[in-house]
Amino acid sequence: MNYKKLGKLLGKIMILEGALMLAPLIVSLIYNESYIHILAFVIPIAALLLLGAALQFLKPKREEFYQKEGFALTALVWIVMALFGALPFVINGEIPNYADACFEIMSGFTTTGASVVTDITALSHSTLFWRSFSHWIGGMGILVFVLIFIPESNEGSSMHLLRAESPGPQVGKIVSKMKATTRILYLIYLGLTALEVIVLLCDKPIPGYENEKFFFSVLAAFGSAGTGGFGFLPGSMEMMNPFSQYAIATFLLLFGCNFSLYYLLLIGKLKALFKSEELRAYLLIVVAAIAIVFTSLLTRLSSLPQNYTTEEAFRHSYFQVASILTTTGYSTTDFNTWPMAAATTLLVVTFIGGMAGSTAGGLKTSRVVIAFKGFYVNIRKMINPRYVPKVKFEGKTLDQQTTNGVFSFIALYFFIALFVLLLLSFDPINGTSVTVVSDAGTYTQTHGFFSNFSATISCISNIGPGFEGVGAYASYAGYSIFSKIVLIFTMLIGRLEILPVLILFSPKTWKKV
């Protein structure tokens, strides 16, 4: 392990986080918040800059950075970012418990959107901004952003960092130079974010929040871009106008696409874009899920407590499928009260997630497609032993290592989920009642197995809200400190796709070479 190189790069990340915290500090000054809210960002900024600068004095004996070190650095960076990123919540007193604050900011950076906040109206503008901004920071990846500015010793080192942090079974450059690749990705990311802000500004203000139109548009765009989903209004996106709800849902689906496809679109390679097998599968899943949910709601319109019109039923179906499939977690209604077919469909797309190379979480559409093709090939092999198995994806024959890697990832994903579910079953919250106040009315929800199951899947898939006791109108505040720590690492495992976190805790990783 190249400890000095690791420390030096970690120091650069700390300096970057300190610089990024200037944004919520400026928001605090703009809204003339109290000195404690200003100090809440000044103190961690100073600490990050000082510690980061001190680590720059380290002089590594070698500049090479191998895959093991890239994976370890990735996991370590996210943990350090969360430990310092939680400080503003504790200092300003809005989330006084440090474990809760770490849960909140890890949920932000990992674009999960699970929250321990029970009264969103009690949060200051700077806190609301920092929560949503953390989604935008974590969406494309912290180290991917750093690669734009930090010169690496060789392309191999950069690729190890990109591979450790980028989602999907296969990671590569879209142009010959790594730095150019990361710049293109972030320009697309920034452009789509800015476009969403502009579109949302075209809508009329939310009644009662006329002066917050620009601020809320920026927060909504941050959450959409990172597919995070922290709410900044009571009821998440319920108070948004229909135009904004349609716009946000559409942008969620756009951010759930592989960003490499946007590059193909920009350079005019439309044929290659439409030939994308993963894109076709992604769109098919979107259309099928919306159709099932909408049909399910139509058959029960008269019995639903919300009394939807046909247009409202379609809008909520479109929004919730887009939000859950892209693992964002925004909500426009209480889907806990929906028919079983609709709720089950949302649960299924929870596992799938968005496309590889997007900001969405979950297993990824590409892995699901490859897995089904792998199953089909294996069945054919069993029927005909002479058959030579070939799994093709995006017009290319995948090697056995890639296919096995997909099956291994899926198996490990569900094994970790079951282990987390077991740990949550010991929490004292089980069997207690939770009062839910939503557009469906006020009712009591018992926190039980399905609450823990949906919390586990929501955290490992980086979605946020689940069902029952952790639904869209509830929170994770009732869990014990131990359960919250378990879920913190579950969110991190889900965002970094398991291996970097497991490598971080392997004793062999830290042996000197």
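What you see is a predicted model, and the numbers here were worked out from it, not measured in a lab.
Side-chain atoms of Ile120 and Arg131, non-hydrogen and from C-beta on, do get closer than 4.5 Å to each other. Within the 4.5 Å cutoff, the side chain of Val293 has no heavy atoms near those of the Gln320 side chain. Side chains of Ser28 and His125 form no contact here, defined as non-hydrogen atoms less than 4.5 Å apart. Side-chain contact between Asn452 and His447: present, with at least one pair of heavy atoms (C-beta onward) separated by less than 4.5 Å.
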### Query
Can Tyr473 and Ser236 be said to form a side chain to side chain donor-acceptor pair (under 3.5 Å), step by step?
CA-CA 8 Å; Tyr473 288 78; Ser236 190; over 6 Å; no
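Between the side chains of Tyr330 and Ser224, not a single donor N or O lies within less than 3.5 Å of an accepting N or O. Defined by atom type and a distance below 3.5 Å, a donor-acceptor pair is present between the side-chain atoms of Asp203 and Ser244. Residues Glu468 and Ser454 have side chains that never bring a donor and an acceptor to within less than 3.5 angstrom of each other. For the 3.5 Å distance criterion, the side chains of Asn430 and Ser425 fail to qualify, holding no donor opposite an acceptor. Between the side chains of Tyr443 and Asp334, a donor-acceptor pair is found at a separation under 3.5 Å. For Asn462 and Thr111, the side-chain atoms include no donor-acceptor pair closer than 3.5 Å. Between the side chains of Glu238 and Thr332, no donor-acceptor pair of N or O atoms lies under 3.5 Å. For the residue pair His37 / Glu94, a side-chain donor-acceptor distance below 3.5 Å is found, with atom types taken as modelled.
In this structure, Phe467 has its ring center under 6.0 Å from that of Phe335. The aromatic ring centres of Phe215 and Tyr31 sit less than 6.0 Å apart. A distance below 6.0 Å separates the ring centres of Phe351 and Phe414.
Ion pairing between Glu497 and Lys364 holds under the 4.0 Å rule for side-chain N and carboxylate O.
None of Phe222, Trp130, Phe230, Phe255 except one satisfies the ring-ring contact (aromatic ring centres under 6.0 Å, His included) rule with His135; the exception is Phe230.
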